[in-house]
There are 2 protein chains.
Amino acid sequence: MALAEFASHGYQKASTNRIVKAAGIGKGMLFYYFTSKQELYEYLVKYSLEFIRSRYLNKVDADEPDLIERLTQLARLKMEAQAENEEVFRFSGVFLLDGETRLPEQLQEKIELMKRDGYRLMYEGIDKSRFRKDLDPDKVFHLIRWSIDGYQQELLARLTGQKLADIDFAPYWEEFYGYLAILKTSFYQTEEGLG
Amino acid sequence: MALAEFASHGYQKASTNRIVKAAGIGKGMLFYYFTSKQELYEYLVKYSLEFIRSRYLNKVDADEPDLIERLTQLARLKMEAQAENEEVFRFSGVFLLDGETRLPEQLQEKIELMKRDGYRLMYEGIDKSRFRKDLDPDKVFHLIRWSIDGYQQELLARLTGQKLADIDFAPYWEEFYGYLAILKTSFYQTEEGLG
DNA sequence: ATAACGTTCGACCAGACTGGTCCACATAAA
DNA sequence: TTTATGTGGACCAGTCTGGTCGAACGTTAT
């Protein structure tokens with residue numbers, strides 16, 4: 001799969017020979033459907049952008065004001081999309097950061113747009129007044145974000161090698177909710193303090 | 001610098017030609033002092049292990065039982081060592097994970113030993129009874145670790161491009177202590193609750 | 001049957017780059 | 001001058017690169 005090759009080597013060091021070998025097709029096929037390596041790369045970027053948007057970002061409820069709810073939603077939807085196509089997300093890590101490879105202006109714009117959308121989904125419209133009043137809400141915001149990111153990262157590290165789609169995530173979500181409960185107890189206002 | 005080349009390309013894809021060019025020396029010199037690329041790599045691994053041990057790990061007070069104190073110490077010492085030689089730490093990220101490159105058994109053992117020491121410094125001898133009694137101490141432990149890691153990671157991302165040694169870290173430590181204060185207020189027992 | 005056509009393959013190309021060799025040369029000590 | 005110690009970089013055989021191209025394939029139309 002070409003996605004995997006670009007994902008693990010970047011544009012420059014990706015090899016068309018390895019791509020065709022892994023795909024089980026002849027060299028001719030690749031250059032019959034794509035005129036060049038660059039064109040293949042652009043096609044994959046476009047495909048990935050569309051995949052991530054339709055299967056992940058568009059499903060997020062941007063009106064959810066509660067930080068933990070919002071982040072939980074993001075984590076869950078990302079996991080689901082990632083289980084559906086892992087390579088796309090690995091590849092996105094490449095082209096979202098890569099400043100070397102020259103892309104058509106229009107495509108580059110789409111990338112920037114998705115970055116901004118992702119940022120907004122993570123930072124905008126959060127009701128920080130739900131946090132304990134004696135704590136700096138911006139700092140609490142970051143602490144919660146880092147905690148959830150940390151869990152997610154550690155979980156993915158624990159699961160390396162396994163096919164995401166084959167894993168029963170139920171126990172992990174259970175564990176995750178345990179962490180969320182602690183975050184709520186520690187950082188949120190107590191119920192009676194509201195209204 | 002050879003460290004930088006191996007750090008950013010790994011063993012296989014690192015180029016001796018680029019190394020000598022970056023170092024401003026002739027090809028002959030490299031193979032005059034080292035018989036092969038492999039030997040150069042091994043030398044650098046050995047050098048880095050020694051550097052990290054003497055300038056970082058050995059300075060940590062493993063008897064500090066307070067998690068936040070311990071992690072703060074780790075963060076501070078790592079920053080100092082990293083400012084002294086950034087490349088070594090970038091390179092360590094490569095050879096600590098790299099499972100491909102075959103190293104002499106003795107050297108591989110040293111690497112494993114350092115991994116274990118690092119783990120112990122992070123996880124062992126922590127007094128979890130200082131956390132609020134209504135919270136699962138193991139989960140609190142992880143949440144605090146993820147928070148501190150998160151801040152550190154975000155800070156490094158903010159500072160990419162700048163020479164670490166030239167940065168005045170005072171304001172960042174100030175900011176960092178702000179986060180620590182919140183963690184203490186939220187996760188630790190109150191003073192009067194002790195003894 | 002045969003011709004035409006859309007596909008598919010992989011041998012092949014020039015060129016870039018690889019780790020490593022080797023020798024000319026510089027400097028300085030003897 | 002002779003010898004020893006460094007030092008540079010042209011050069012080597014070999015690998016790998018993105019890309020080309022003619023031959024062969026399976027269908028379908030004639």
Side-chain angles (χ1 to χ4, degrees), chain A residues 1-49 87-88 90-108 111, chain B residues 1-48 87-88 90-95 97-108 111:
Chain A
M1 175 69 99
L3 274 171
E5 175 71 14
F6 281 119
S8 43
H9 295 93
Y11 178 75
Q12 285 286 350
K13 293 182 195 158
S15 153
T16 54
N17 290 320
R18 278 196 299 262
I19 290 174
V20 296
K21 196 179 293 180
I25 61 168
K27 195 87 172 282
M29 282 315 300
L30 177 58
F31 289 95
Y32 178 72
Y33 287 113
F34 301 94
T35 65
S36 68
K37 181 184 177 182
Q38 167 92 22
E39 194 185 288
L40 167 62
Y41 185 79
E42 290 170 14
Y43 169 81
L44 291 175
V45 170
K46 218 176 296 182
Y47 173 85
S48 300
L49 283 174
E87 304 300 352
V88 161
R90 283 215 302 138
F91 179 53
S92 75
V94 165
F95 72 75
L96 285 175
L97 296 179
D98 180 15
E100 306 254 297
T101 315
R102 277 280 176 264
L103 258 32
E105 202 182 341
Q106 192 197 7
L107 195 50
Q108 195 59 250
I111 293 179
Chain B
M1 176 66 103
L3 273 171
E5 175 71 15
F6 281 118
S8 44
H9 295 93
Y11 178 74
Q12 285 287 349
K13 293 183 196 158
S15 153
T16 54
N17 290 321
R18 276 196 300 261
I19 290 174
V20 297
K21 197 179 292 180
I25 61 170
K27 197 84 172 286
M29 283 314 301
L30 177 59
F31 288 94
Y32 179 71
Y33 288 111
F34 301 93
T35 65
S36 68
K37 181 183 176 182
Q38 166 93 22
E39 195 186 288
L40 167 63
Y41 186 77
E42 290 170 14
Y43 169 82
L44 292 175
V45 170
K46 217 176 297 181
Y47 174 85
S48 299
E87 304 300 352
V88 161
R90 281 216 303 140
F91 178 53
S92 75
V94 166
F95 71 76
L97 296 180
D98 179 15
E100 306 252 299
T101 315
R102 277 281 175 264
L103 258 31
E105 202 183 339
Q106 193 198 7
L107 195 52
Q108 194 60 248
I111 293 178

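All values reported here derive from a predicted model rather than from experimental measurement. Residue numbering restarts at 1 for every chain, and letters A, B, ... go by the order of the sequence lines.
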Novice: Check the distance between dC17(C)'s C1' and Lys13(A)'s NZ and give it to me in whole angstrom.
Specialist: 13 Å
Novice: Between Phe31(B) (CZ) and dT21(C) (C1'), how many Å, whole number?
Specialist: 9 Å
Novice: Could you tell me how far apart Glu39(B) (CD) and dG19(C) (P) are, to the nearest whole angstrom?
Specialist: 15 Å
Novice: Name the orientation class of the two ring planes belonging to Phe6(A) and Phe91(A) (parallel below 30°, tilted from 30 to 60°, perpendicular beyond 60°).
Specialist: tilted
Novice: Applying ring pair (Phe, Tyr, Trp, His ring centres under 6.0 Å), which residue pairs with at least one partner in residues 21-40 of chain B are found, sequence neighbours left out?
Specialist: Phe34(B)-Tyr43(B)
Novice: Ser8(B): what forms a side-chain contact (heavy atoms from CB on, under 4.5 Å) with it, not counting sequence neighbours?
Specialist: Arg90(B)
Novice: Would you mind reading off the distance between Leu30(A) atom CG and dT7(C) atom C1', rounded to a whole angstrom?
Specialist: 14 Å
Novice: Using a 3.5 Å cut-off and no angle test, enumerate the donor-acceptor pairs between side-chain atoms of residues 15-29 of chain A and protein atoms at least two apart in sequence or in another chain.
Specialist:
residue: Ser15(A); atom: OG; partner: Asn17(A); partner atom: N; Å: 3.1
residue: Ser15(A); atom: OG; partner: Arg18(A); partner atom: N; Å: 3.1
residue: Asn17(A); atom: OD1; partner: Lys27(A); partner atom: NZ; Å: 2.9
residue: Arg18(A); atom: NE; partner: Glu5(A); partner atom: OE1; Å: 3.3
residue: Arg18(A); atom: NE; partner: Glu5(A); partner atom: OE2; Å: 2.9
residue: Arg18(A); atom: NH2; partner: Glu5(A); partner atom: OE2; Å: 2.9
residue: Arg18(A); atom: NH2; partner: Lys13(A); partner atom: O; Å: 3.2

Novice: Do Thr101(B) and Phe95(B) have side chains that get closer than 4.5 Å, going by heavy atoms?
Specialist: no
Novice: Return the minimal non-hydrogen interatomic distance between Gly10(B) and Val94(B), and the atom names on each side.
Specialist: CA-CG1, 4.0 Å
Novice: Reading nucleotides 5-15 of chain D from the 5' end, what letters show protein touch, with B for base, S for backbone sugar-phosphate only, - for no heavy atom under 4.0 Å?
Specialist: -SBBBB-----
Novice: Please give the angle, rounded to 10 degrees, between the axes at the start and the end of the helix from dA1(C)-dT30(D) to dA30(C)-dT1(D), where five pairs define each axis.
Specialist: 30°
Novice: Under the 3.5 angstrom rule, does the side chain of Glu100(B) hit a backbone N or O of Tyr11(B) as a donor-acceptor pair?
Specialist: no
Novice: Which residue lies toward the 5' end of DNA chain D, Thr35(A) or Ser15(A), if each is placed at its nearest nucleotide?
Specialist: Ser15(A)
Novice: Under the rule for side-chain hydrogen bond (donor to acceptor under 3.5 Å, both in side chains), what residues qualify as partners of Glu39(B), not counting sequence neighbours?
Specialist: Thr35(B)
Novice: Just the rounded figure in Å: distance from P of dT17(D) to CD1 of Ile19(A).
Specialist: 10 Å
Novice: Which atoms form the tightest heavy-atom contact between Ala14(B) and Lys37(B), and what is the distance?
Specialist: O-NZ, 2.8 Å
Novice: Would one find a side-chain N or O of Arg18(B) under 4.0 angstrom from OP1 or OP2 of dC17(C)?
Specialist: no
Novice: What is the distance, to the nearest angstrom, from the CZ atom on Phe34(B) to the C1' atom on dT21(C)?
Specialist: 18 Å
Novice: Can you check the Lys21(A) NZ to dT17(D) C1' distance for me, whole Å?
Specialist: 13 Å
